[in-house]
Amino acid sequence: MKELLLCKYGEIILKGANRAFFENLLCRELKFRAARHGDFSIYRSQSTIYIEPKEDAVCDIDGMLESALKVFGIVGVSRAAVCDKDMDAIRTLAREYIPQFLAGAKTFKCEAKRSDKSFPLSSPQISAEIGGVLLSACPRLKVDVNNPDVVVRIEIREYGAYIHAGQYKGAGGMPLGSNGKGLLLLSGGIDSPVAGWMMAKRGVKLEALHFESYPYTSEQARDKVLDLAGIVAGWSGSIRVHVISLTHLQEELKRCCEEDYFTLLLRRAMMRLAERAAKEFECGALITGESVGQVASQTMEALAVTNSVVSLPVFRPCVGMDKEEIIQIARKIDTFETSILPFEDCCTVFTPRHPRTRPELSKVEAQEALIDWEPLLEEAWASMYHVNVRPDGSRAFWQKRD
Ligand code: ATP
Ligand code: MG
């Protein structure tokens, strides 16, 4: 018996003339991820991508399934068995393959779909036939057409007859790389990994920028951020994390400016550096985990003050979400437990006791004028090093070019 995976995709079916472009991106991503699970042929036909072990190849179908469920653009994956387009063969396969999926069920129904119209039986006839076969193989089961525990599907397609029971929910969204590249400002918190994941889900390839402030922030804090990048990379593919030190800049801020403005001035400096990095690494947008009203630096007025120093679009996918909703996603993508590890972030170094929640731009600019920014920003920029974080969590470090 031959088992394979059938991947269904959602939104991109609506893409008309561009559809092949999206389908090819999906196939490429699946091929890339399949390499470590065995030797598979991956091809598409009739709005489905087939992942099929090659003849005699040793393949880890379970591992492949798990990987496929993390590929954005796929809405569902079924484990299926295939046979010739012949009613006897389909009956035998149904009897051998399907009962394992019906073990805990009380009711089921069969749904056949015949994309190959030359097949002699109609879809209702196929459903009735295979329903009969399964009832005799599992006599304690009943058919329930309205609300069955399991739906058994028989698909008569271009390359054969496929039979499966149950579909795993895929990651949804758009294929990676179909919507450009964005620079994620990645802290060790809960929100920014979620923000990155949400944009990757829309097909945006990620680069990340992290600011540290050693020795006020620790090496463990930085490692935690790389761990988070590794978890997100399981969905988004490898992420290059660029790390910039803000130690001196923050010390100067503390020395020269009014405490109430620390956070805002720091965030403006971060945004300036982020925009420079985005241009350097060819990213079309910045991505942050900000959410309106969550903290003092995220009131509408504070966000406007931070935003006004950059011209690139800033995507804030969490902007309208409650913390609880963000946490729900963090749990789903498995970043939550890492995010709540108690390490400091450079934003929490020298936190003002009374941060401005309704800042006026003119006052912020007056405070900003107390510092000679250029050399500080240059120094921060020159401190940058890079880490390539792969989906398996492994890392490669390198220092700035030039
Ligand atoms: P998070 O949970 O992601 O840390 P937060 O609610 O704690 O977010 P802030 O610390 O104010 O909020 O940061 C807001 C956003 O600014 C973060 O979501 C992130 O995008 C960015 N940011 C904060 N600190 C850093 C940092 N050290 N390096 C890079 N980006 C940062
Ligand atoms: Mg934070």
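Keep in mind that this is a model prediction, so the values were computed, not measured. First listed ligand is number 1; within each ligand, the first listed atom is number 1.
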- Query: With a 4.0 Å cut-off, would you call Arg276 and Glu378 a salt bridge?
  - Reply: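 So Arg276 pairs with Glu378 through a salt bridge.
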- Glu111 with Lys109: basic N within carboxylate O range, under 4.0 Å: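 Looking at Glu111 and Lys109, the cut-off is met.
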Numbering the atoms of ligand 1 from 1, which are under 4.0 Å from a heavy atom of [X]?
{"X": "Ser297", "answer": "11 (O)"}
{"X": "Gly289", "answer": "17 (C), 18 (O), 20 (O)"}
{"X": "Thr288", "answer": "20 (O)"}
{"X": "Phe211", "answer": "26 (C), 27 (N), 28 (N), 29 (C)"}
{"X": "Cys346", "answer": "27 (N)"}

- So, is the end of the Lys254 side chain (NZ or CZ) under 6.0 Å from the ring centre of Phe350 and within 45° of the ring's axis?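 Yes.
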Using a 4.0 Å heavy-atom cut-off, say whether [X] meets ligand 1 through its side chain, its backbone, both or neither.
{"X": "Ala195", "value": "neither"}
{"X": "Leu209", "value": "backbone"}
{"X": "Leu186", "value": "backbone"}

- Query: Would you say ligand 1 has an N or O under 3.5 Å from any N or O of Pro193?
  - Reply: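 Checking ligand 1 against Pro193, no N or O pair falls under 3.5 Å apart.
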- Which residue, Phe397, Phe281, Tyr385, forms the ring pair (Phe, Tyr, Trp, His ring centres under 6.0 Å) with His242?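 Per the ring pair (Phe, Tyr, Trp, His ring centres under 6.0 Å) rule, the option paired with His242 is Phe281, out of Phe397, Phe281, Tyr385.
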- Query: Do the side chains of Ser213 and Thr247 get nearer than 4.5 Å, heavy atoms only?
  - Reply: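 Yes, at least one pair of side-chain atoms sits under 4.5 Å.
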- Message: I'd like to know if Glu212 contacts ligand 1, where contact means a heavy-atom distance under 4.0 Å to any ligand atom.
- Response: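 Distance cut 4.0 Å: Glu212 fails for ligand 1.
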- Item | Residue from Thr335, Ile327, Ile190 passing side chain to side chain contact (heavy atoms under 4.5 Å, CB included) with Ile340 |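 The residue from Thr335, Ile327, Ile190 that satisfies side chain to side chain contact (heavy atoms under 4.5 Å, CB included) with Ile340 turns out to be Ile190.
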Which option wins on minimum heavy-atom distance to [atom]: [options]?
{"atom": "atom 7 (O) of ligand 1", "options": "Asp191, Leu185, Ile287", "result": "Asp191"}
{"atom": "atom 12 (O) of ligand 1", "options": "Arg267, Gln298, Gln294", "result": "Gln298"}
{"atom": "atom 3 (O) of ligand 1", "options": "Gly189, Ser192, Gly188", "result": "Ser192"}

- Parallel under 30°, tilted from 30 to 60°, perpendicular over 60°: which one fits the rings of His386 and Trp398?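 Judged by the thresholds at 30° and 60°, the geometry between His386 and Trp398 is parallel.
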- Query: Aromatic rings Tyr50 and Tyr159: how do their planes relate, parallel, tilted or perpendicular, breaks at 30° and 60°?
  - Reply: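 Perpendicular.
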Pairs of donor and acceptor atoms involving the side chains of residues 227-236, under 3.5 Å and at least two apart or interchain, shall be tabulated with distances.
residue : atom : partner : partner atom : Å
Asp227  : OD1  : Arg395  : NH2          : 2.4
Ser236  : OG   : Val232  : O            : 3.3

